[in-house]
Amino acid sequence: MIKNKTKVVDDIGRLELLAEKYPTVQSASTELINLQAISSLPKGTEHFISDLHGEYETFKHIMNNASGAIREKVDLIYGNILPGEERAKLSTLIYYPREKLQEIAQEKLNTNEWYKITLNRLVEVCKLVASKYTRSKVRKALPEDFAYIIDELLHNSYHDPNKAFYYSNIILTIIKTNRADAFIVAICDTIKKLVVDHLHILGDIFDRGPRPDLILDSIMTHHSLDIQWGNHDVIWMGAACGSDACIAVVLNNSILYNNLEFLEEGYGINLRPLALFAEETYKDADIKCFMPRNTNFIYQNCTEKELINAARMHKAIAVMRFKLEGQIIKRNPLFAMDSRLLLDKINYKEKTVNINGKICNIEDIDFPTVDKNNPYKLSKEEERLIGQLRSAFLHSDKLQKHIKFLYDKGNLYRIYNKNLLLHGCVPLNPDGTMIEFKIGGKKLSGQDFLDYAESVARDAYFAEESSEEKEFGKDLLWFLWCGKNSPLFGKDKMTTFERLLIKDKEFWHEEKNAYYTLSKREKVCVSLLKAFGINKEYSHIINGHVPVRCKDGEKPVRANGRLIVIDGGFCRAYQTTTGIAGYTLIYNSFGMRLCSHEPFEGTKKAIKENTDIYSTSVVSERVKERITVGETDVGKQLLSTIKDLEVLLAAYRLGTIKETLKS
């Protein structure tokens, strides 16, 4: 009590503020009891996904089935009661309630008996996923139209003879009033919301796949999430901020994968000026090096004329990209990327290029807009074109809304429940020390550099228009995309020029940062975690960015479990390399479960045939005792509030603070 008395004296000002919220002993005691109870509940489920790369259909299914967690709940309840086919139908209904109900109606299977059985089954699943939360939290997750009814059904007991008829009558009334379909949709959406408490996306929402914009539309409605920016995200952030080089890069990437539809339909970016410029400037030019990537899913439904037009556009924007990137390198010597200035190293007479002192043949020297005396200067036509494109990106309402969301919910890294979440890496020297970046007379490394880089990246969006801070912020976003040892890129160089124009694959090599080798050692991971202020034996580094080549024997869990890599090939373009279709991670009160996924065959097939993404648990790290809310970051906040309430109660009892009783 003496200790509390001292605290009361020390914290009198803060306690008076707390007393405004809890004006009586009764209200403070009630809240203290409530918070103590919450802290003893099982921790909520965290869902980790990485490197989505525009694969909206696969992403949507993984979100709907929560990486197998929903089917797991269905099997837990009905595994010994219903055959596998019935459990699959029920799971599919939860994943896609609107679409599945439409199919059932067309087949005239939606009888009153079917509704009665299905509604009761869904209530049981919802009860199970809601059981780890307080009744108050569950109520907040309920859809407004059916909140009262669902709340009643979740707390029913058919074994209570006084209530059995009451609850049965609720179900029958829902059916009789033709509200069954709407109620099913509502309760299915509630199940999906409750099964995952928090979503982590470890970067690379954009590029390669067809509809990153739909992924962003979807996650913007999610109840709780964070995002760790990937290098494919920051380049789009730079483009939306008006960086000419970033705009050229995202267009280059989109054309390379013949993925222009989402630019025009999704973001309303008018590509006609680029198409007209390319057709006029490169009509008779050699374009064989600039054909879209030759993969089956890209060439599907493309005519030869469309591919030729895409190649011309690709060449036009690639040349502009090399020029604009050269300008960034020249005005930012601190990036130390002079070795990437290659346009001025071309010998047009010999048809060669000098790359770091090595002379090699170049496949194409037909660059009509390149001034050999000033190769990094845009032509007047290119300047006009990039101005039009910049305006289109800056005035795309949907793109700007998405990028604002990435800034609001995103970071370069995040520490969450004692785990370090990264897209790329913490740049390391070969000896394991952290690489120092020289910035403004200072040397920054590790967490300090990441914090600095994030603050500058935010300047690109939030700083005053045309200010030095904004312009440097845009340049830094480009550096984070492809810069030497960038924490999001993690390599010594990006060999786009070489891959397009040089046959000799020796020049294609991109050396990975030492992090990707050294982080396989437990000692290194423990040291990195400590450097970020995390010193728990159950803490992990959770990474995306570099696909795990399962077919070559690579493992996603490394460093004796300290490092977990969850990029397994979500993007179809990578699946021949990885051998699977991605990893996701589930972290609940029982521990961690890493899931390996097979390729998704499409939403239509999933609905019609009740098929799922076949998933395998790769690792299951189980804890001896269930993890409680009190052991999480939220629990820390609860504990702090509990201590404050204990001191407030002491203040009330000592008379230092007076209760405010209602008259």
Side-chain angles (χ1 to χ4, degrees), residues 38-48 50 67 69 132 196-200 202 226 228 411-428 431-434 445-448 450-451 487 514-546 548 554-567 583-596 617-640 642-643:
I38 291 172
S39 66
S40 64
L41 287 169
K43 79 173 281 296
T45 297
E46 297 171 54
H47 192 191
F48 299 78
S50 178
S67 290
K132 65 163 63 175
V196 169
D197 191 47
H198 190 82
L199 172 66
H200 304 283
L202 272 66
D226 58 66
Q228 288 67 61
N411 302 93
L412 277 181
Y413 71 94
R414 184 174 288 259
I415 298 168
Y416 196 97
N417 286 340
K418 308 299 185 297
N419 293 311
L420 176 60
L421 281 54
L422 296 166
H423 175 72
C425 68
V426 180
L428 299 178
D431 64 359
T433 58
M434 295 183 189
S445 62
Q447 187 175 17
D448 289 338
L450 289 174
D451 288 339
Y515 170 89
Y516 293 104
T517 301
L518 297 176
S519 61
K520 295 176 183 178
R521 304 175 190 173
E522 184 177 7
K523 183 178 179 181
V524 172
C525 287
V526 170
S527 176
L528 285 171
L529 287 165
K530 286 182 178 178
F532 279 79
I534 311 169
N535 192 19
K536 296 291 183 180
E537 61 182 27
Y538 52 81
S539 296
H540 309 78
I541 300 172
I542 304 174
N543 248 143
H545 188 50
V546 178
V548 179
E554 285 188 350
K555 303 295 183 184
V557 182
R558 301 164 187 175
N560 197 26
R562 288 291 194 159
L563 175 68
I564 302 173
V565 183
I566 63 169
D567 180 7
Y583 288 111
T584 54
L585 181 68
I586 291 289
Y587 180 27
N588 58 26
S589 60
F590 294 105
M592 287 187 167
R593 185 177 76 244
L594 186 64
C595 300
S596 166
S617 291
V618 177
V619 63
S620 182
E621 182 178 291
R622 295 186 67 86
V623 293
K624 293 178 182 178
E625 296 182 5
R626 291 186 78 176
I627 305 168
T628 64
V629 171
E631 299 171 81
T632 66
D633 293 346
V634 170
K636 264 188 177 181
Q637 297 168 10
L638 293 180
L639 181 61
S640 176
I642 287 169
K643 288 180 178 178

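Just so it is clear, the model here is predicted, and its values are computed rather than measured.
If you check the side chains of Q637 and S640, you find no donor sitting under 3.5 Å from an acceptor. Side-chain contact of Y538 with N419: a donor-acceptor pair under 3.5 Å is absent, judged by distance alone.
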Do any side-chain atoms of residues 514-523 form donor-acceptor pairs under 3.5 angstrom with protein atoms, and if so which ones, sequence neighbours left out?
residue: Y515; atom: OH; partner: N543; partner atom: OD1; Å: 2.5
residue: Y516; atom: OH; partner: G424; partner atom: O; Å: 3.2
residue: S519; atom: OG; partner: Y515; partner atom: O; Å: 2.6
residue: E522; atom: OE1; partner: N560; partner atom: ND2; Å: 3.1

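The CG atom of L529 lies 8.5 Å from the CG atom of N535; values are rounded to the nearest 0.5 Å. To the nearest 0.5 angstrom, D197 atom CG is 11.0 Å from S589 atom OG. A distance of 8.0 Å separates NZ in K418 from OG1 in T632, rounded to the nearest 0.5 Å. Atoms CG and CD1, from L528 and I534 in turn, are 10.0 Å apart once rounded to the nearest 0.5 Å. The line from OG of S67 to CD1 of I586 is 4.5 Å long, rounded to the nearest 0.5 Å. Note: H200 NE2 to N417 CG = 7.0 Å, rounded to the nearest 0.5 Å.
A pairwise comparison of heavy atoms in L202 and S50 identifies O-OG, 3.4 Å as the closest pair. Listed here is the closest heavy atom pair of I415 and D633: O-OD2, 4.0 Å. Between R626 and E631, the closest heavy-atom pair is O-OE2, 3.9 Å. For the residue pair Q447 and A531, the shortest heavy atom distance occurs at OE1-O, 3.5 Å.
Looking only at side-chain heavy atoms (C-beta outward), V426 and F532 come within less than 4.5 Å of each other. Side-chain contact check for Y587 versus I627: some heavy-atom pair is nearer than 4.5 Å. Q228 has its side chain out of reach of L422: every pair of non-hydrogen atoms, C-beta onward, lies at least 4.5 Å apart.
Although no hydrogens or angles enter the test, the distance criterion places no donor-acceptor pair under 3.5 Å between the side chain of H540 and the main chain of R562. Not a single donor-acceptor pair under 3.5 Å links the side chain of K132 to the backbone N or O of L41.
Aromatic pair H198/Y416: centroids less than 6.0 angstrom apart.
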>> Assess the residue pair L428 and M434 against the criterion (side-chain contact (heavy atoms from CB on, under 4.5 Å)); give the C-alpha distance rounded to whole Å, side-chain angles, the decisive distance to 0.1 Å, and a yes or no.
In response: CA-CA 4 Å; L428 299 178; M434 295 183 189; 3.9 Å; yes
